[in-house]
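Everything on this sheet refers to the single structure shown next.
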There are 2 protein chains.
Amino acid sequence: MHRKYTTMFSKACEYGIRAVIYIAQKSLNEERASLKDITAEIDSPEAFTAKVLQQLARAKIINSVKGPNGGFEIKKEDIDSIKLSEIVNALDGDSIYKGCGLGLKVCNANEPCPVHDKFTTIRSELRKMLENTSLFELATSLETGLTYLKR
Amino acid sequence: MHRKYTTMFSKACEYGIRAVIYIAQKSLNEERASLKDITAEIDSPEAFTAKVLQQLARAKIINSVKGPNGGFEIKKEDIDSIKLSEIVNALDGDSIYKGCGLGLKVCNANEPCPVHDKFTTIRSELRKMLENTSLFELATSLETGLTYLKR
DNA sequence: TTTAATTCGGATAAATTTGTCCGAATTAAA
DNA sequence: TTTAATTCGGACAAATTTATCCGAATTAAA
C-alpha cells in the first residue's frame, strides 16, 4: 500500500523536461527533433510523450512543424530565457509552490499548518532553483557530454 | 490534462502526518485518539485514514488499542524522538530523497541527469528538514493554538 | 499531383492512488 | 456473560494518472 515512487513532478512533467532539453540541444545545432527522435533519445513512451509535447506547443514553449522533416524546435534566441519553471508550470501547474505541505485548503502565515514555515523555506528554494535554471545551461551540459537523458 | 495538484507527499502521507500530530497532542495529555476523533479533527476520509493508521501501527510509529475506549496513542517518552522523516518513510518510502528528479533509473554524480546537482541540493535540504523536525514540536505548536490541522 | 512523413485530436485502456463497505476479531464496560 | 465500541483485514469501487491506438489534418518531397 505504500507508494512505489514519490516523485517531485508528474511523469508527464518528467518526460516534458527531458524532451525540451533534447529539443533545445538540437535547436542549438539548427536541427529539428521529431517525436521518434525524442522518444528514442529520452527513452519515453511515444504516444504519451506526443501528448505532452502537444501541451508544450500549446503553451508556446516549443514550436511544432507538421509534415515531412517536421518535428519540434525552439527558437535559438529563446533558449536562454526559457526557465525550468515555465515547463513545470505548463505541465504540473503551480501548486508545487503554493499548496500546503499537508494538503490543507487554508494554510498561510496567519493560520499555518504545523509544518507551514518549514515547508515554505524548502519550497521557496525549489522555486528559486526552477526560476533560475535556464534551458540553455541544461542543453549545453547535455551537448558537452557532461549529463545524460536516458537510463 | 495537466495535474490538478502536485503535492510533495501522497494523500495517504498527508493524512498520516496530520493524524500522527493529533495523536501525539492527545498522548501528551494522557488521552487516546479514536479513529472518529482523528478524522473529525483532521477532516479526512474515515475508511481511508483507517488504512493509513494501520500502516503506521505496523511500522510501530503509533500503538493501536482495540475495544471500548480504544484508539491510537504514542508513548509520551517517544514523542520527542520521532521525526517527520520516519512517518514519511513509512508511508511514501525514500524515493523522495533518492530518486532522480527527471525519473531516470540511473542518475548519480558520475552519470548525472542535467538537473542532478540542483536537485541534490534541494532534496538534501528537504531531508535535513524532515529528519530534524520532531513530533514534539509539531504537537506542541498545535496544543498552544499556534497551528491548525483542518480546513 | 501524388505520396509519404509527420503532428493533432479523440476515444479508449491499463495502472495506480484514493476511497468505501462490511464482516471478523478484540476487549472494556454494563 | 452479554453487549457494544473499537480496530483489523479483505474485497471492491471511483478517480486520477499514465499509456495506447488510430484516423484526420497538414505539408514537404518525389
Side-chain angles (χ1 to χ4, degrees), chain A residues 1-19 23 26 31-40 42-74 91-93 95-96 103, chain B residues 1-16 18-19 23 26 31-40 42-74 91-93 95-96 102-103:
Chain A
M1 153 143 197
H2 97 212
R3 277 208 164 175
K4 299 288 175 237
Y5 297 106
T6 301
T7 54
M8 190 122 352
F9 306 125
S10 68
K11 274 287 166 197
C13 193
E14 288 180 355
Y15 298 147
I17 295 170
R18 288 199 260 156
I23 295 167
K26 294 286 271 187
E31 286 173 20
R32 258 178 217 147
S34 75
L35 176 61
K36 281 194 178 176
D37 287 349
I38 295 168
T39 57
I42 73 174
D43 190 27
S44 68
E46 195 168 309
F48 189 64
T49 305
K51 300 289 187 196
V52 174
L53 291 170
Q54 253 181 82
Q55 252 190 286
L56 290 167
R58 281 193 211 114
K60 315 260 189 209
I61 290 168
I62 61 180
N63 185 245
S64 71
V65 179
K66 291 176 197 167
N69 296 316
F72 300 89
E73 62 190 12
I74 305 174
L91 298 171
D92 278 357
S95 54
I96 196 166
Chain B
M1 150 143 198
H2 96 211
R3 275 209 165 174
K4 298 289 174 232
Y5 298 106
T6 302
T7 54
M8 188 124 350
F9 306 126
S10 68
K11 274 287 167 198
C13 193
E14 289 180 354
Y15 298 147
R18 288 199 259 156
I23 296 167
K26 294 285 270 185
E31 286 173 20
R32 258 177 217 148
S34 74
L35 176 61
K36 281 194 178 175
D37 287 349
I38 295 168
T39 56
I42 73 174
D43 191 27
S44 67
E46 195 168 308
F48 188 64
T49 305
K51 301 288 187 196
V52 175
L53 291 170
Q54 253 182 83
Q55 252 190 287
L56 290 167
R58 282 192 210 113
K60 315 261 188 208
I61 290 168
I62 62 180
N63 184 244
S64 70
V65 179
K66 292 177 198 166
N69 294 316
F72 300 89
E73 62 189 12
I74 305 175
L91 297 171
D92 277 357
S95 55
I96 196 165
L102 297 187

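The sequence lines fix the lettering, A, B, ..., with proteins before strands; numbering per chain opens at 1.
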N/O to N/O distances under 3.5 Å, protein versus nucleotides 28-30 of chain C:
unit_1	atom_1	unit_2	atom_2	d
dA29(C)	OP1	Asn69(B)	ND2	3.2

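The interatomic distance linking Leu56(B) (CG) with dG9(D) (P) rounds to 14 Å, in whole Å. One atom, CD of Glu14(A), and another, P of dT17(D), lie 14 Å apart when rounded to the nearest Å. Nucleotide dT17(D) holds its P atom 11 Å from the NZ atom of Lys11(B), rounded to whole Å. Nucleotide dT18(C) holds its P atom 14 Å from the OH atom of Tyr5(B), rounded to whole Å. Atom NZ in Lys36(A) sits about 12 Å away from atom C1' in dA4(C), given to the nearest Å. For the pair Ile38(B) CD1 and dT7(D) P, the computed distance is 7 Å after rounding to whole Å. Rounded to a whole Å, the CD1 atom of Ile62(A) is 16 Å from the P atom of dT6(C). Rounded to whole Å, the distance from CD on Gln55(B) to P on dC8(D) is 12 Å.
Residue Tyr15(B) places at least one side-chain N or O closer than 4.0 Å to OP1 or OP2 of dG19(C). Between dT7(D) and Arg58(B), no contact under 4.0 Å exists linking OP1 or OP2 to a side-chain N or O. The shortest distance between the side-chain N/O atoms of Ser34(A) and the OP1/OP2 oxygens of dA5(C) is not below 4.0 Å. Proximity of Ser64(B) to the phosphate of dT6(D): no side-chain N or O atom is located under 4.0 Å from OP1 or OP2.
For Tyr15(A), the ring pair (Phe, Tyr, Trp, His ring centres under 6.0 Å) criterion is met by Phe48(A), not counting sequence neighbours. Under the rule for a side-chain hydrogen bond (donor to acceptor under 3.5 Å, both in side chains), the partners of Thr49(A) that lie at least two apart in sequence or sit in another chain are Ser44(A). Residues meeting the side-chain hydrogen bond (donor to acceptor under 3.5 Å, both in side chains) test with Ser10(A), sequence neighbours left out: Asp92(A). Residues satisfying the side-chain hydrogen bond (donor to acceptor under 3.5 Å, both in side chains) criterion with Glu46(A), sequence neighbours excluded, are absent altogether. Not counting sequence neighbours, Lys51(A) has no partner by the salt bridge (Lys or Arg N to Asp or Glu O under 4.0 Å) test. By the side-chain contact (heavy atoms from CB on, under 4.5 Å) test, Ala47(B) is found to be paired with no residue, residues two or more places apart in sequence or in another chain being considered. Scored by the side-chain hydrogen bond (donor to acceptor under 3.5 Å, both in side chains) test, Thr39(B) finds no partners at all (sequence neighbours excluded). When the side-chain contact (heavy atoms from CB on, under 4.5 Å) test is applied to Ala59(B), the partners found at least two apart in sequence or on another chain are Ile61(B), Ala90(B).
Listed in residue order, the members of residues 42-54 of chain B having a heavy atom less than 4.0 Å from DNA chain C are Pro45(B), Ala47(B), Phe48(B), Lys51(B).
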Determine whether Ile23(B) and Leu53(B) satisfy the following criterion, side chain to side chain contact (heavy atoms under 4.5 Å, CB included), listing intermediate values before the conclusion. CA-CA 11 Å; Ile23(B) 296 167; Leu53(B) 291 170; 3.9 Å; yes
Check against side chain to side chain contact (heavy atoms under 4.5 Å, CB included), Met8(A) and Ile96(A): CA-CA 9 Å; Met8(A) 190 122 352; Ile96(A) 196 166; 3.9 Å; yes
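Helical stems in DNA chain C, defined as runs of 3 or more consecutive Watson-Crick or G-U wobble pairs with donor-acceptor distances under 3.5 Å: C:1-30 with D:1-30.
Counting only heavy atoms from C-beta on, Ser10(A) has its side chain closest to dT18(D) among dT18(D), dT18(C), dT6(D).
In this structure, CD1 in Ile62(B) is found 10.0 Å from CD in Gln54(B), a value given to the nearest 0.5 Å.
The stretch residues 61-73 of chain A participates, sequence neighbours left out, in these salt bridge (charged side-chain N to carboxylate O under 4.0 Å, His left out) pairs: Arg32(A)-Glu73(A).
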